[in-house]
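Notes follow once the structure below has been shown.
Every chain is numbered from 1, with letters handed out A, B, ... down the list of sequences.
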Amino acid sequence: MLRTHTCGELRAGHNGQTVTVAGWVDKYRDHAGIVFVDVRDRYGKTQIKFDLSDSSDVQALARGLRYEDVIQVTGMVEPRPEGLANPKLATGEIEVLARELVVLNKSKTPPFEPDTSALPNEELRLKHRFLDLRRPDLQKTIIMRHQLTKAVRDYFDEHQFLEIETPILGRSTPEGARDYLVPSRVHPGCFYALPQSPQLYKQILMIAGFDRYMQIARCFRDEDLRADRQPEFTQIDVEMAFVKREDILQMIDGLIGRLVTTLQGKQIKLPLPRYSHAEVMERYGSDKPDLRFGMELVDIKEIATTCGFGVFKSTIEKGGRVRGMRVVGAAEKYSRKQIDELTEFVKNYGAMGLAFFRVKSATELDSPIAKFFSAEDQAKIITRLGATTGDLLFFVADTPKVTNAALAALRSRLGKELNLYDPTEINVAWVLDFPMYAWNEEEQRWEAEHHPFCQPVEEDIPLFDTDPGKIRAQSYDLICNGYEAASGSVRIHDPAVQQRVFNFIGITPEHAEERFGFLLESLRFGAPPHAGIALGLDRWVMMFGNIDNIRDVIAFPKTQKASDLLTGAPADVDSKQLRDLHIKIDAPKT
RNA sequence: GGGGUGGUAGCUCAAUUGGUUAGAGCACCGGACUGUCGAUCCGGAGGUUGCGGGUUCGAGCCCCGUCCGCCUCGCCA
């Protein structure tokens, strides 16, 4: 070992001991006769003192130290003089009087320092990720990620789950996200697909009899990125055989409870609250609402139908909805100009406009469109929204889909702008009974809302022939602070039902046999009822770290264009490699 | 593919209506300093204003194109 102690562990109790520490030069303060150097490693910082009375070699060397040099220092632990302890440092009671100094690696002048309070732009940070990762807060997150992952493994291990690896090179299946493809050298013109999730493998593990499976599984989806989405990400993948939905919910409740206890030392109230999909859509306009604050959506169909405002009235006549929300005490917080900006904001979600009212009194509204509403209607709106003087009311009149999207986005934005919640709170809940299928207007066909292996609610099965949009899935999402934090379902274990579902979403029996034949075949050989779930590990780290960007919870993340600025991936390859793979490039001219 | 936003010294930022030699703090280099901990003080060096074109007597600033980062819609079973 090149050290006897880390930079975070020396205390007054070590006084008088000769120690060796090693780390990076975090700061240096050169007073000529005396030089202070803070050495940093992942455990903390320790102040090293170089004194004129020491050997001149060491002293001269010390004066040449610069940021990020890696050094090894041997010396004696001393108490700091009276009144000079540094309360900001855990090791602030002591310093090490250096006797020997070895520069293990001299650093070039770094483009930025790890302790910088004003973060450099992200491009630079990602390009020099080895420096960025030295930042204490990023190190803290990566360490917490490890603790979370370990707690997950411990929890499932205690419940007799087996961690089983599944292939990274698999086969492409229809439906779902765009696959990342890997060309086969041995099979010209054929490709492996990287897994979007281990879904089919884990179902087959159930059929094989490994009735409790989990895996910290890397998944790949070739879709556009977001602040909470990376092309490769990690799922806590779980599957159980001989269980019902309730068993999964309880098992995962226990996991969340464990994580909150382990990572925060707190208790979370269990069981976690449960909502139906229909309920959250009606109350919040989203299938993953942020439940840290209220501001629920209100339908004013009755008033809209009879009021004098043409936009509201005609929307109802066309089968649309008029819904709104009450922003408590915000009448004076938003100027006309700011409301115009909110109007532009909701237009991004398809809304044609945003109606607003300031509540002037218990019965009176103030708005450019107030004249279209009778005194009676104004009073009704106030009553319906439960509003009081000084509130601000917003309404969107549009299709059900657009009112949901626009109002949910507006609610989320206002909640943040108005600080309606504690940003450090972790609010977790279940959303159950998603619809099985959604009509794809573009492709004119039904498609699976969750995935095609999900079991419909038994009593809804007759609806296949009458009203497929109403069929509920035996599915469940875990939502947390406005994110989808987990998603799962009871699976189909009857090949006939599976065949029928494929058929319904437009996969012909021949096609199904070709692409999913292995699953259908396995279902014919004694498939137990099974169910499972996958939790987004990266997102849970975001929650527990109170971090709003997924790149900050991943050691080596990719940019929005899916590039790795550290390594330069993706990059072109030798023509020989392409020949081996029987691939010719037909890239668009730039 | 669409919308928004940013790119000026190594870094973080500034630069009035288009107008003189593009500034500051930190970092870097040289010097001073025995108790600092965002050390301080003195001095110095450092710029193809992302890139390409255009308008203009004159462009960091205006116009067109393009590249890159970020946010977002679509997309993400």
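At rC11(B), none of the side-chain N or O atoms of R125(A) fall inside 4.0 Å of OP1 or OP2 (strictly under the cut-off). Within the 4.0 Å cut-off from OP1 or OP2 of rC71(B), at least one side-chain nitrogen or oxygen of N549(A) is found. Within the structure, a side-chain polar atom (N or O) of K88(A) is placed less than 4.0 Å from OP1 or OP2 of rG38(B). For the pair R551(A) and rC70(B), the criterion of a side-chain N or O lying under 4.0 Å from OP1 or OP2 is met.
Put simply, CD on Q560(A) is 13 Å from C1' on rG6(B), counting in whole angstrom units. For the pair E122(A) CD and rG50(B) P, the interatomic distance rounds to 20 Å; values are reported in whole Å.
Pairing for rC13(B) is with rG23(B), a Watson-Crick or G-U wobble pair whose two hydrogen-bonding atom distances lie under 3.5 Å. Nucleotide rA59(B) forms no Watson-Crick or G-U wobble pair with any nucleotide shown, as no partner meets the under 3.5 Å limit on both distances. Checking rC37(B) for Watson-Crick or G-U wobble geometry (two distances, each under 3.5 Å) identifies no partner in any strand. The partner of rG6(B) is rC68(B), judged by Watson-Crick or G-U wobble contacts that both fall below 3.5 Å. With both pairing distances under 3.5 Å, rG44(B) is matched to rC28(B) as a Watson-Crick or G-U wobble pair.
Side chain of P111(A), nearest nucleotide from rC68(B), rU36(B), rG10(B): rG10(B). The nucleotide whose nearest atom lies closest to any side-chain atom of T109(A) is, among rC75(B), rC28(B), rG69(B), rC28(B). Here the nucleotide nearest the side chain of Y67(A), chosen from rC76(B), rA27(B), rG35(B), is rA27(B). Nearest nucleotide to the R226(A) side chain, out of rA39(B), rG74(B), rC71(B): rG74(B).
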Show me the side-chain donor-acceptor pairs of residues 85-94 of chain A shorter than 3.5 Å, one per line, residues at least two apart or across chains.
| residue | atom | partner | partner atom | Å |
| --- | --- | --- | --- | --- |
| N86(A) | OD1 | K88(A) | N | 2.9 |
| T91(A) | OG1 | K45(A) | O | 2.5 |

Can you give the donor-acceptor pairs under 3.5 Å from side chains of residues 507-520 of chain A to other protein atoms, not counting sequence neighbours?
| residue | atom | partner | partner atom | Å |
| --- | --- | --- | --- | --- |
| T508(A) | OG1 | H511(A) | N | 3.0 |

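Heavy atoms of R66(A) sit under 4.0 angstrom from primed sugar atoms or phosphate atoms, though from no base atom. When heavy atoms are screened at a 4.0 angstrom cut-off, E341(A) is found touching no nucleic acid atom at all. Within 4.0 Å of L124(A), counting heavy atoms only, lie sugar-phosphate atoms of the nucleic acid but no base atom. At a threshold of 4.0 angstrom between heavy atoms, the contacts of N121(A) are confined to the sugar-phosphate backbone, with no base atom among them. Among the heavy atoms of the strands lying under 4.0 Å from P81(A) is at least one base atom, whether or not backbone atoms are also near.
Taking the centre and axis of the six-membered ring of Y476(A), the NZ or CZ atom of R245(A) falls outside the cone set by 45° and 6.0 Å.
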Please lay out, stage by stage, how R99(A) and V58(A) fare under the test side chain to side chain contact (heavy atoms under 4.5 Å, CB included). CA-CA 7 Å; R99(A) 199 176 65 224; V58(A) 170; over 6 Å; no
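Sorted by residue number, the members of residues 194-206 of chain A with any non-hydrogen atom under 4.0 Å from RNA chain B read S197(A), Q199(A). Residues of residues 23-47 of chain A that place a heavy atom closer than 4.0 Å to RNA chain B, in numerical order, are K27(A), Y28(A), R29(A), D30(A), H31(A), A32(A), G33(A), I34(A), F36(A), Q47(A).
Residues that satisfy the salt bridge (Lys or Arg N to Asp or Glu O under 4.0 Å) test with K401(A), not counting sequence neighbours, are absent from this structure. Partners of D494(A) under the side-chain hydrogen bond (donor to acceptor under 3.5 Å, both in side chains) rule, at least two apart in sequence or in another chain, do not exist in this structure. Scored by the side-chain contact (heavy atoms from CB on, under 4.5 Å) test, P195(A) finds I168(A), F220(A) as partners (sequence neighbours excluded). A search for side-chain hydrogen bond (donor to acceptor under 3.5 Å, both in side chains) contacts involving K416(A) returns nothing, not counting sequence neighbours. Residues forming a salt bridge (Lys or Arg N to Asp or Glu O under 4.0 Å) with R29(A) (at least two apart in sequence, or on another chain): D38(A).
Between F130(A) and H128(A), the ring planes lie perpendicular to each other; the angle is over 60°, past the 30° to 60° tilted range.
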